[in-house]
Amino acid sequence: MTAPLAPQFDPSEIEGPLYTWWTERGFYHVAADAPGEPYVIQMPPPNVTAVLHAGHGLTYTVQDVLVRFERMRGRKALWVPGTDHAGIATQNVVEKLLAREGKTRFDVGREAFVEHVMNFVRETGGTILDQLKALGASCDWSRTYYTLDPKLSRAVREVFVQLYEKGLIYRGKYIVNWCPRCLTTLSNEEVEKEEQDGSLWHLKYPLEDGSDFIVVATTRPETMLGDTGIAVHPGDERYRGMIGKNVRLPLVDRLVPIVADDAVDATFGSGAVKVTPAHDPTDFDIGRRHGLATIDVMTDDARMSDAVPERFRGLDRYIARKMVVSEFDTLGLLVRIEKHHHAVGHCYRCNTVVEPRLSDQWFVKVTPMAEQANLAYLNGKFRLIPEFHGDVLQRWHENLRDWCISRQLWWGHRIPVWYCDGTGEKRGERREKGGCGRVIVSRETPTQCDKCGSALVQDEDVLDTWFSSWLVPFTSLGWPDRTPDLAAFYPGHTMVTAPEILFLWVSRMIMSGLEFMGEVPFTTIYLHGTVRDTQHRKMSKSLGNGIDPLEVISRYGADAFRYTVVNGMSVGTDLILDPADLETSFASGRYFANKLWNIGRFLLGQLPDGARPFDTIDPNDLRDTDRWILTRAQGAIAESTRHYEGFRLNEATATVYRFIWNDVADWYLEQIKSRLYDKEPGGDVARSVAAHVFDVALRLLHPVMPFITEALWQRLPNHAEGSSIACAAWPVADDALRFPASEATIVAAQELVTGIRTIRADYNVPPGQKLSVWLLDAGEPIKALLLSNPGAMLPLSGSLSIQPTSTPLPASGSVILGDGSTVMVALGDLVDLDRECARLGTEAGKLDKLVAAQEGKLGNDQFVARAPVAVVENEREKLVAWRMQAEALREKRRALGCAN
RNA sequence: GGGCGAAUAGCUCAGCUGGUCAGAGCGCCUGCCUUACACGCAGGAUGUCGGGGGUUCGAGUCCCUCUUCGCCCACCA
């Protein structure tokens, strides 16, 4: 673990071995009886056959940061990993493989197909979990679950049976969403509405008596073959006389009635609606109210069924659409075609246009559960970040329709329902005769009908994938058994995910948690943004604009990936990355990792014999510089902790970044070099302080960059052998280590150094050239610092000598400090009076503007009267300081004899 | 059709409870290969904080309105 640091940072050298070491040592395993307050994150289980993409990279990085942060804060932090069998998605993948051999699942048969999928999952499944390891995910792998595990399957059955017994699961014939490509129903949440430019066809239907026509408007003309009625609004004067009459349906020559129904909007289209109860939810309702027949005009794969005239049979729905329209046209019954913008439902797995279809399915009655969820929200049992999503969720719960949970797939949890044979009307599959028609819903697989002893046939369908994943917050911990894990780790705490699955998954977990555990499964739902490309398009395979996190990791390291992602993502906004330029996209992470590595290399190189433990240092031996960095460290601790706690991870990393790079590296390490190199005394104190603040910095950064911080931390002196930074204590700000006076002194010194550097740059003073510096009316602290310890500034501003003076020097460049004191840098021949006059003039001009504005502000009686005293005082101090600086500048210009 | 979010330097974005909040990183310009780092160091330029109005002593920060993007929801066929 502690080989010397390579001169060149190579993440691939450290990351693999460190991860192995972490898991071997079990740092991320949490036992139920471990001490400490629990903290639990349930990982949204990726699809078992998924491969890591940028979206995963983002969400799992965030989760890992949070769990690492809480672990270091001493909580028994558990991150539960798992995979989802992903019914439709996985079945689709295997079907595609079969298609390459020219076969369908029906050729293979159900049993063999399922076997096929299982083998496929066994071979390729779970790779995403290994990929998570490359990312550094600190999950408790001993708890990895799979939604088709026997344990979880048992829980799924238990839930189904319980809900059935409570009357919350029922079977019914309704219009459902049907994907004609996946050949299954979908829940409303699995349908993605896409706005499209379509057409609205106005069709003429002649009345039975030939006296008149009625015009209907439709977006799906092909469904007219299944029309069984026409509906108009009861109050619509135009059609009042037609209500009750029949229409002779063109093309099919069927008589259908004109009915009056409130559901019709008289202002839309022609005000008359063709009613197709088998293919539209509104029509279904209208049909039911008026006793209209249902005619299913489509087959499973969205071709026209045998219920339509022969010439249409077997035609694809869109071909049939064209044909219907053209026949209406030929008959002179096509009134017009209107452009129409509307939302069309698409399958969330294959993007095929979904067909509303009448079908016998199983549903969960969600309204009672949704009410409980909203009640819990109103009672503050959970919150969402960003907050506005809470309102979105609430409104959603208020308008929920029942959840269709049966899927006509072969891959998934078989529905635990058996029919006493002979009733099996399930999609017309009659088997043996006999049986009593009993429906058995059971936890155990029954062998025969408990009523009549006949053979049983199990429901052919499987359950919606989400019907198992909505339970994982407790089933992953052993439910329905009352396990110690369940007692210790339910309810959990933070749910991190993308808004896309708020309804599909998060809402349902809340409902199931309340229903089966009596408590919401988490207290905070953190919804992060989406990873997009530079054109703000979602990354996707089909667009080819994705970023492969593993490629980034192998090139630049997991830490660079993680840092970039966390740094670039603020609460509620998307993360934009350029797939075409990984090098630039991940530059901030790469650079920072490299910087950290080199800080470590330098510092550790200065500690060949270790360092005195920081707590043995006599505070009197600390110099202003030491006190300054310690003060800054307390600030970094407090600020970053606050940001981590508030989920502002980008702010947290920015805080640590500034502390490490700007404070530790740019100033502190440079300032102590003279001591480290023994050009000055006090090297041991400097080494000790440096080691201490670096230790603090590594801890603060560890949640975001676990590998590099661990690699460096392992090499720090004084760390306990065999311990990991992952379990090291989170730093706590210590007021005893805040030194405001020293901080002020160093801030003044930094101003001075910056001023000197500016002069060097302005006058192109060669780096090696020694400069003399005179202090005119310098403030006491800075004077004391410089005179007592001139060497302290050497590495910062180049070679210089410092002496006090009481008169301005003409041949010099001047720096006006914040307190109005003037520092002059002797430039000899290099000085250019005109240039210096201009330089100082510009400065003076800027200050004069500030002074004028400030005088205006303070001259405003309202401001002085109404603003808090502290604010006014602060503004006055600023004015005084600026005036002094401006005055000093003018004085200097007079001394130089500058023209105006 | 409803609801929501965003608009700040060339790019990607910070700016948490109205008063150093006009910032960071990348990019750009200048000078440095200073024995941790050129993935570096130092210095520097760039913005009427989308437009307009309002509240306030004071507004990127709160309110209204407009414009432009984006997202979510929706049984107007």
Side-chain angles (χ1 to χ4, degrees), chain A residues 5 7-9 175 193 200 216-220 223 231 263-270 272-276 280-286 340 342-343 356 386 388-389 391-392 395-396 399 401 499-500 502-503 530 532 534 536 556 560 564 567-578 583-585 587-606 639 642-643 646 648 650-651 654 657-658 665-666 669-670 677 754 757-762 764-768 795-798 857 860-868 870-872 874-875 878:
Chain A
L5 293 178
Q8 193 59 44
F9 175 53
I175 297 286
K193 293 287 180 67
L200 191 59
V216 298
T218 180
T219 54
R220 294 185 297 155
T223 63
V264 178
D265 175 359
T267 65
F268 183 85
S270 62
V273 189
K274 57 186 272 314
V275 183
T276 322
D280 185 276
T282 311
D283 292 8
F284 178 73
D285 291 339
I286 296 174
H340 186 57
H342 62 152
F388 73 85
H389 281 295
D391 301 330
V392 175
R395 250 173 292 145
W396 172 260
N399 298 303
R401 277 178 294 159
E500 289 120 74
L502 184 59
F503 306 135
T530 309
R532 296 175 185 279
T534 49
H536 294 209
Y556 314 125
T564 302
N567 186 248
M569 184 209 64
S570 63
V571 176
T573 63
D574 291 334
L575 174 68
I576 312 295
L577 294 170
D578 185 358
E583 193 169 323
T584 304
S585 288
S588 58
R590 280 191 302 129
Y591 291 176
F592 192 33
N594 183 257
K595 184 70 180 180
L596 205 61
W597 186 257
N598 280 294
I599 293 171
R601 231 157 47 89
F602 171 70
L603 181 60
L604 294 168
Q606 299 304 320
E639 201 180 319
R642 197 166 56 84
H643 288 312
R648 294 179 298 271
N650 58 324
E651 290 295 310
Y657 178 99
R658 285 191 294 266
D666 289 348
L669 291 181
E670 294 302 330
Y677 298 156
T754 303
R757 285 172 178 168
T758 307
I759 287 173
R760 275 188 180 273
D762 281 356
N764 292 324
V765 179
L796 300 176
S797 50
K857 194 179 213 177
N860 183 339
D861 295 340
Q862 296 290 333
F863 172 69
V864 179
R866 300 203 187 189
V871 171
V872 176
N874 189 21
E875 297 300 311
K878 283 199 293 200

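All chains are named by letter (A, B, ...) in the order of the sequence lines, taking the proteins before the strands, and each is independently numbered beginning at 1.
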Can you tell me the distance, in whole Å, between the [atom1] atom of [X] and the [atom2] atom of [N]?
{"X": "R601(A)", "N": "A38(B)", "atom1": "CZ", "atom2": "C1'", "answer": "14 Å"}
{"X": "Q8(A)", "N": "A36(B)", "atom1": "CD", "atom2": "P", "answer": "15 Å"}
{"X": "E500(A)", "N": "G70(B)", "atom1": "CD", "atom2": "C1'", "answer": "13 Å"}
{"X": "D666(A)", "N": "C39(B)", "atom1": "CG", "atom2": "P", "answer": "17 Å"}
{"X": "I759(A)", "N": "G44(B)", "atom1": "CD1", "atom2": "C1'", "answer": "15 Å"}
{"X": "N399(A)", "N": "G2(B)", "atom1": "CG", "atom2": "P", "answer": "16 Å"}
{"X": "N594(A)", "N": "C26(B)", "atom1": "CG", "atom2": "P", "answer": "13 Å"}
{"X": "D861(A)", "N": "U56(B)", "atom1": "CG", "atom2": "P", "answer": "17 Å"}

### Message
As a check on the pairing definition, encode RNA chain B in dot-bracket form, counting Watson-Crick and G-U wobble pairs whose two distances are under 3.5 Å, and using | for partners outside this strand.
### Response
(((((((..((((.....[...)))).(((((.......))))).....(((((..]....))))))))))))....
Look only at the side chain of [X] and the backbone of [Y], and say whether a donor-acceptor pair between them is shorter than 3.5 Å.
{"X": "N650(A)", "Y": "N567(A)", "answer": "no"}
{"X": "N594(A)", "Y": "R590(A)", "answer": "no"}
{"X": "S585(A)", "Y": "D578(A)", "answer": "yes"}
{"X": "R532(A)", "Y": "L577(A)", "answer": "no"}

Any base atoms under 4.0 Å from [X], or only sugar-phosphate, or nothing? Heavy atoms, all strands.
{"X": "A593(A)", "answer": "nothing"}
{"X": "T754(A)", "answer": "sugar-phosphate"}
{"X": "T573(A)", "answer": "sugar-phosphate"}
{"X": "I576(A)", "answer": "sugar-phosphate"}

### Message
Need to verify one output field. Residue with the more 5' nearest nucleotide on RNA chain B, V392(A) or T534(A)?
### Response
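The answer here is T534(A).
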### Query
If you find the nucleotide of RNA chain B closest to G568(A) and the one closest to F9(A), which residue's nucleotide is nearer the 5' end?
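Here G568(A) is the residue nearer the 5' end.
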### Task
Kindly say if Y677(A) contacts the phosphate of U34(B), meaning a side-chain N or O under 4.0 Å from OP1 or OP2.
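Checking U34(B) against Y677(A), no side-chain N or O comes under 4.0 Å of OP1 or OP2.
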### Task
Please check the phosphate of G43(B) (OP1 and OP2 only) for any side-chain N or O of R757(A) closer than 4.0 Å.
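The answer is yes; a side-chain N or O of R757(A) sits under 4.0 Å from OP1 or OP2.
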### Task
Return yes if the base of C39(B) and the side-chain atoms of K595(A) contain a donor-acceptor N/O pair under 3.5 Å, otherwise no.
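Checked by distance alone, the answer is no.
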### Query
Does the A42(B) base have a donor-acceptor partner in the side chain of E670(A) within less than 3.5 Å?
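Absent.
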### Task
Sequence neighbours left out, what passes side chain to side chain donor-acceptor pair (under 3.5 Å) with R220(A)? Give chain and number order.
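Residues passing side chain to side chain donor-acceptor pair (under 3.5 Å) with R220(A): E355(A).
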Expressed in whole Å, how much space separates the [atom1] atoms belonging to [N] and [M]?
{"N": "A9(B)", "M": "A22(B)", "atom1": "C1'", "answer": "10 Å"}
{"N": "U55(B)", "M": "G60(B)", "atom1": "P", "answer": "16 Å"}
{"N": "C39(B)", "M": "A6(B)", "atom1": "C1'", "answer": "33 Å"}
{"N": "C66(B)", "M": "C26(B)", "atom1": "C1'", "answer": "34 Å"}
{"N": "G5(B)", "M": "G47(B)", "atom1": "C1'", "answer": "24 Å"}
{"N": "A7(B)", "M": "U65(B)", "atom1": "C1'", "answer": "16 Å"}
{"N": "G25(B)", "M": "G44(B)", "atom1": "P", "answer": "14 Å"}
{"N": "C21(B)", "M": "C32(B)", "atom1": "P", "answer": "35 Å"}

### Message
side-chain contact (heavy atoms from CB on, under 4.5 Å), that's the test. Do Y556(A) and E583(A) meet it? Break it down for me.
### Response
CA-CA 9 Å; Y556(A) 314 125; E583(A) 193 169 323; 3.6 Å; yes
With a 4.5 Å cut-off on side-chain heavy atoms, are [Y] and [X] touching?
{"X": "V392(A)", "Y": "F503(A)", "answer": "yes"}
{"X": "L5(A)", "Y": "L604(A)", "answer": "yes"}
{"X": "Y677(A)", "Y": "Q606(A)", "answer": "yes"}
{"X": "T223(A)", "Y": "K274(A)", "answer": "yes"}
{"X": "E875(A)", "Y": "F863(A)", "answer": "yes"}

### Query
What pairs with R401(A) under side chain to side chain contact (heavy atoms under 4.5 Å, CB included), at least two apart in sequence or on another chain?
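With sequence neighbours excluded, R401(A) shows a side chain to side chain contact (heavy atoms under 4.5 Å, CB included) to N188(A), given in chain and number order.
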### Message
List the residues meeting side chain to side chain contact (heavy atoms under 4.5 Å, CB included) with F268(A), not counting sequence neighbours, and say none if there are none.
### Response
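Only L200(A), D265(A), H340(A) meet the side chain to side chain contact (heavy atoms under 4.5 Å, CB included) criterion with F268(A).
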### Query
If you measure from the Lys or Arg side-chain nitrogens to the Asp or Glu carboxylate oxygens, is any gap between E639(A) and R648(A) under 4.0 Å?
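So E639(A) does not pair with R648(A) through a salt bridge.
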Taking only nitrogen or oxygen atoms into account, show me every contact under 3.5 Å that the protein makes with nucleotides 16-24 of chain B, one pair per line with its distance.
residue: C16(B); atom: O2; partner: R642(A); partner atom: NH1; Å: 3.1
residue: C16(B); atom: O2; partner: R648(A); partner atom: NE; Å: 3.4
residue: C16(B); atom: O2; partner: R648(A); partner atom: NH2; Å: 3.3
residue: C16(B); atom: N3; partner: R642(A); partner atom: NH2; Å: 3.4

Can you pull every protein N or O that's under 3.5 Å from an N or O on nucleotides 73-77 of chain B?
residue: A74(B); atom: N6; partner: E195(A); partner atom: OE2; Å: 2.9
residue: C75(B); atom: OP1; partner: R401(A); partner atom: NH2; Å: 2.4
residue: C75(B); atom: OP2; partner: K193(A); partner atom: NZ; Å: 3.3
residue: C75(B); atom: O2'; partner: T282(A); partner atom: OG1; Å: 3.0
residue: C75(B); atom: O2; partner: T282(A); partner atom: OG1; Å: 2.7
residue: C76(B); atom: O2; partner: D265(A); partner atom: OD2; Å: 2.5
residue: A77(B); atom: OP2; partner: H340(A); partner atom: NE2; Å: 3.1
residue: A77(B); atom: N6; partner: D265(A); partner atom: O; Å: 2.6
residue: A77(B); atom: N6; partner: F268(A); partner atom: O; Å: 3.2
residue: A77(B); atom: N1; partner: D265(A); partner atom: N; Å: 3.1

### Message
Within 90° of 0 counts as syn, otherwise anti: where does G15(B) fall?
### Response
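G15(B): anti glycosidic orientation.
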### Query
Where the side chain of Y591(A) is defined as all heavy atoms beyond and including C-beta, which of G27(B), G44(B), C41(B) is the nearest nucleotide?
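Among G27(B), G44(B), C41(B), the one nearest the side chain of Y591(A) is G27(B).
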